[in-house]
Amino acid sequence: MPNKFDDEPDERSIALKGLNAVISRDLTLDQVEQDQPLPPLAREILYGTCRHYYSLEAALKARMPKPLRRKDQDVWALLMMGAYQLLYTRVPPHAAVNTSVELVQQLRKPWARALVNGVLRGLARDQEVAANDAEQNPAGSVAGEAHHNHPQWLAIALRHQYPETADALMQANNQRAPMALRVNTLRSTRAKIMQQLNEAGHPVSAGQLAETLMLDEPTAVLELPGHSAGHFSVQDAGAQLANACWDKSKPSTAHLLDACAAPGGKLHHALEYLQPKRFLALEWQPARLAALQLEAERLGHNQRTGDYRLGDATNLAWWDGVKFDRILLDAPCSGTGTLRRHPDIKLHPVDLEAQASKQLALLTNLWQTLQDGGELLYCTCSLLRDENDSILAQFIQQQPDAVISRFELPTGAATEYGWQLTPLDPATDGFYYARLQRGPKTVEVEQK
Ligand SMILES: C[S@@+](CC[C@H](N)C(=O)[O-])C[C@H]1O[C@@H](n2cnc3c(N)ncnc32)[C@H](O)[C@@H]1O
């Protein structure tokens with residue numbers, strides 16, 4: 001039977017260009033994909049190489065006569081993707097080696113031909129041993145970052161914060177993410193969408209919320225019937241749980257602010273669920289705001305009473321002075337809860353201190369726009385305390401009228417101030433949620 005990986009040199013050349021941009025120019029996989037749509041094999045190679053970067057690096061370095069120069073990162077990218085195909089896919093070894101050697105031509109570095117050929121052939125010969133070293137034997141010849149495929153700083157942070165589950169968590173971070181849908185309850189029902197998708201050959205099962213569906217197999221969204229009609233959105237099941245954090249005892253929402261709104265998953269879910277009388281979606285990147293508005297049109301939410309505004313949530317230049325009774329702050333963060341979907345995050349340095357000070361600045365600034373008795377949902381897709389409980393701890397210390405309001409979710413675990421989801425539940429990415437109420441500190445807020 002022909003192997004789907006045979007004879008697709010163009011896809012490999014797209015993968016090489018993309019991987020080189022991720023490694024040498026610090027581009028994210030999302031940015032690579034914006035520049036160049038990724039055909040399936042290119043996507044598999046790019047994501048897979050990033051996911052297993054550290055074990056591949058260790059396997060290659062053990063076979064390299066000396067490190068490559070900085071200006072030869074393109075050759076390094078080529079070796080990495082060759083090694084990925086050898087160690088983690090069913091690409092026949094001869095195809096992985098030969099297509100890599102052929103790609104040297106594109107780099108215009110003829111000297112690299114012998115190197116790529118020699119290193120990958122050696123790896124192909126030892127591939128079983130190499131795979132064992134890299135993935136299964138932490139005490140073996142490949143140690144440290146390699147066996148858990150996380151950078152050292154992150155492995156240390158996770159071991160510190162999750163002493164009992166860090167290894168399982170890192171393993172979970174290295175899996176492929178599932179695909180979840182959120183039914184647009186203003187346009188359809190879960191039962192109808194389930195039936196449509198099952199009939200179209202895309203089996204789905206019910207997720208934790210009444211509007212959540214889990215696809216058995218991740219699928220290109222445009223192939224799913226009902227998508228263009230706005231009957232559902234693709235949204236991680238953990239992200240959907242944001243809506244379960246609001247205080248249900250508050251009967252209605254008069255004025256909702258989503259302060260960091262794009263691409264709009266949580267905003268649109270909140271519009272479907274809370275049905276606020278008015279809303280404001282704020283975003284500081286014009287292209288992201290435009291994409292958010294297109295998504296609103298697809299879902300039919302552009303008809304609702306609300307504004308989509310370009311603005312920086314660390315200041316109040318965008319604000320008309322009318323206070324909000326509910327604020328969603330889905331703060332920019334390290335993204336360490338989403339490594340399954342964004343494995344490239346592991347390759348790039350993260351300035352946690354800068355992130356944390358921005359998160360606190362956002363919270364402090366937005367607090368001024370929340371009315372008395374109103375609630376603010378603070379959210380990140382981070383697994384790290386520095387961006388989560390630690391921000392809340394600092395904030396309630398400095399803000400006399402900020403009160404932590406507790407809640408429970410069906411998965412994950414309570415933290416000191418909020419709730420942490422992790423991919424230890426394979427249905428969800430890692431999200432942190434904490435709810436604050438504006439009111440005198442003496443008020444005892446009941447657990448919901
Ligand atoms: C984590 S994403 C939000 C995801 C979104 N809530 C959703 O569920 O689809 C954070 C967003 O905040 C935006 N952002 C970052 N800093 C901002 C600022 N100072 N003011 C407004 N938006 C900001 C980013 O461009 C990004 O689109």
Side-chain angles (χ1 to χ4, degrees), residues 28 30-31 34 177 180-182 184 209 211-212 221 232-246 256-274 276 279-296 298-299 301 306-319 324 326-339 341-342 345 350-352 354-369 376-384 387-388 391 421 428-434:
T28 64
D30 279 352
Q31 288 167 328
Q34 274 160 21
L181 304 180
R182 185 193 79 244
N184 180 356
L209 294 179
E211 59 272 34
T212 309
V221 69
F232 55 81
S233 301
V234 176
Q235 188 183 26
D236 175 75
Q240 295 186 38
L241 285 170
N243 256 10
C245 301
W246 298 111
L256 171 77
L257 169 67
D258 185 337
C260 291
K266 296 193 192 69
L267 168 72
H268 293 136
H269 195 190
L271 297 184
E272 288 149 23
Y273 174 80
L274 297 173
F279 72 90
L280 174 59
L282 191 70
E283 167 62 46
W284 76 344
Q285 285 193 30
R288 290 177 71 85
L289 186 68
L292 165 65
Q293 285 176 285
L294 274 183
E295 180 66 352
R298 184 183 70 83
L299 295 169
H301 297 326
D307 286 326
Y308 293 83
R309 199 168 295 163
L310 198 62
D312 179 350
T314 59
N315 65 47
L316 293 178
W318 48 271
W319 190 43
F324 303 94
R326 278 186 159 135
I327 296 179
L328 172 61
L329 169 54
D330 190 2
C333 70
S334 63
T336 42
T338 62
L339 298 181
R341 294 179 205 281
H342 304 291
I345 289 175
V350 172
D351 187 343
L352 272 185
Q355 292 284 19
S357 76
K358 177 158 179 182
Q359 288 149 357
L360 188 59
L362 285 164
L363 195 45
T364 307
N365 182 54
L366 293 168
W367 195 252
Q368 305 170 72
T369 70
L376 183 149
L377 185 58
Y378 175 82
C379 167
T380 70
C381 53
S382 169
L383 296 173
L384 303 175
E387 302 181 278
N388 298 339
I391 302 298
L421 304 178
T428 75
D429 282 349
F431 280 93
Y432 171 84
Y433 295 110

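Atoms within a ligand are numbered from 1 in the order they appear, just like the ligands themselves. For the single chain, residues carry numbers from 1 onward in sequence order.
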Seminar exercise, completed: Honestly, for Q235 the part within reach of ligand 1 (heavy atoms, under 4.0 Å) is neither
Problem set entry | Between T314 and D312: side-chain donor-acceptor atoms closer than 3.5 Å | yes
For this session: Check the side chains of H269 and E211 for a donor-acceptor pair under 3.5 angstrom, ignoring hydrogens and angles.
Result: yes
Problem set entry | Polar side chain donor-acceptor pair, N365 to Q368, under 3.5 angstrom | yes
Seminar exercise, completed: Under 4.0 Å from one or more heavy atoms of A262, ligand 1 contributes atoms 2 (S), 3 (C), 4 (C), 5 (C), 9 (O), 11 (C), 26 (C), 27 (O)
Exercise. Strictly under 4.0 Å, does any heavy atom of A239 approach an atom of ligand 1?
Worked result: no
For this session: Determine whether any heavy atom of L282 lies closer than 4.0 Å to an atom of ligand 1.
Result: no
Exercise. Does T369 have any side chain to side chain donor-acceptor pair (under 3.5 Å) partners at least two apart in sequence or in another chain, and if so, which?
Worked result: none
Exercise. Of the non-hydrogen atoms in Q285 and L310, which two are nearest, and what is the gap between them?
Worked result: C-CD1, 3.9 Å
For this session: Report yes if some N/O of A313 lies less than 3.5 Å from some N/O of ligand 1; otherwise report no.
Result: yes
For this session: For side chain to side chain donor-acceptor pair (under 3.5 Å), just list the numbers for T380 and Q359, CA-CA rounded to whole Å, side-chain angles, deciding distance to a tenth of an Å, and then say yes or no.
Result: CA-CA 9 Å; T380 70; Q359 288 149 357; over 6 Å; no
Seminar exercise, completed: In terms of its nearest heavy atom to atom 1 (C) of ligand 1, the top option of L310, D330, N315 is D330
For this session: Say whether L362, considering both its backbone and side-chain N or O atoms, lies within less than 3.5 Å of an N or O atom on ligand 1.
Result: no
Exercise. How far apart are the C-alpha atoms of H301 and E272, what are their side-chain angles, what is the distance that settles it, and do they pass the side chain to side chain donor-acceptor pair (under 3.5 Å) test?
Worked result: CA-CA 8 Å; H301 297 326; E272 288 149 23; 2.8 Å; yes
Problem set entry | Pairwise distance CG(L328) to CG(L274) - rounded to 0.5 angstrom | 9.5 Å
For this session: Flag L267 as yes when one of its N or O atoms lies below 3.5 Å from any N or O atom of ligand 1, and as no otherwise.
Result: no
Problem set entry | Minimal non-hydrogen separation, N315 against W318, with atom names | O-NE1, 2.6 Å
Problem set entry | Proximal ligand 1 atoms for G264, defined as those under 4.0 Å from one of its heavy atoms | 7 (C), 9 (O)
For this session: Record the part of A261 in heavy-atom contact with ligand 1 below 4.0 Å; permitted values are side chain, backbone, both and neither.
Result: backbone
Problem set entry | ligand 1 versus Q285: contacting region, heavy-atom distance under 4.0 Å | side chain
Problem set entry | Nearest protein heavy atom with distance in Å, relative to atom 15 (C) of ligand 1 | W284 NE1, 3.3 Å
Problem set entry | Atom of K266, atom of Q235 and distance for their closest heavy-atom approach | N-NE2, 3.5 Å
Problem set entry | Nearest-option assignment for atom 16 (N) of ligand 1, heavy atoms, candidates Q359, K358, K266, Q240 | K358
Exercise. Does at least one non-hydrogen atom of A242 fall below 4.0 angstrom from an atom of ligand 1?
Worked result: no
Exercise. Which word best sums up how the rings of Y308 and F279 line up, parallel for under 30°, tilted for 30 to 60°, or perpendicular for over 60°?
Worked result: perpendicular
Exercise. Counting from 1, what ligand 1 atoms have a heavy atom of P332 closer than 4.0 Å?
Worked result: 15 (C), 16 (N)
Problem set entry | Closest protein heavy atom (residue, atom, distance) for atom 12 (O) of ligand 1 | C260 CB, 3.1 Å
For this session: Just need the protein heavy atom nearest to atom 7 (C) of ligand 1, so name the residue and atom and give the distance.
Result: G265 N, 3.5 Å
For this session: Test side-chain contact (heavy atoms from CB on, under 4.5 Å) on L294 and R298 and set out the steps.
Result: CA-CA 6 Å; L294 274 183; R298 184 183 70 83; over 6 Å; no
Problem set entry | Interfacing atoms of ligand 1 (cut-off 4.0 Å, heavy-atom, A259) | 21 (C), 22 (N)
For this session: Compare every heavy atom of L209 with every heavy atom of Q240, then report the nearest pair and how far apart it is.
Result: O-CD1, 3.3 Å
Exercise. For atom 25 (O) of ligand 1, what's the nearest protein heavy atom and its distance?
Worked result: E283 OE2, 2.6 Å
Problem set entry | Nearest non-hydrogen protein atom, atom 19 (N) of ligand 1 | D312 OD1, 2.8 Å
For this session: May I ask whether G311 has any heavy atom positioned less than 4.0 angstrom from an atom of ligand 1?
Result: yes
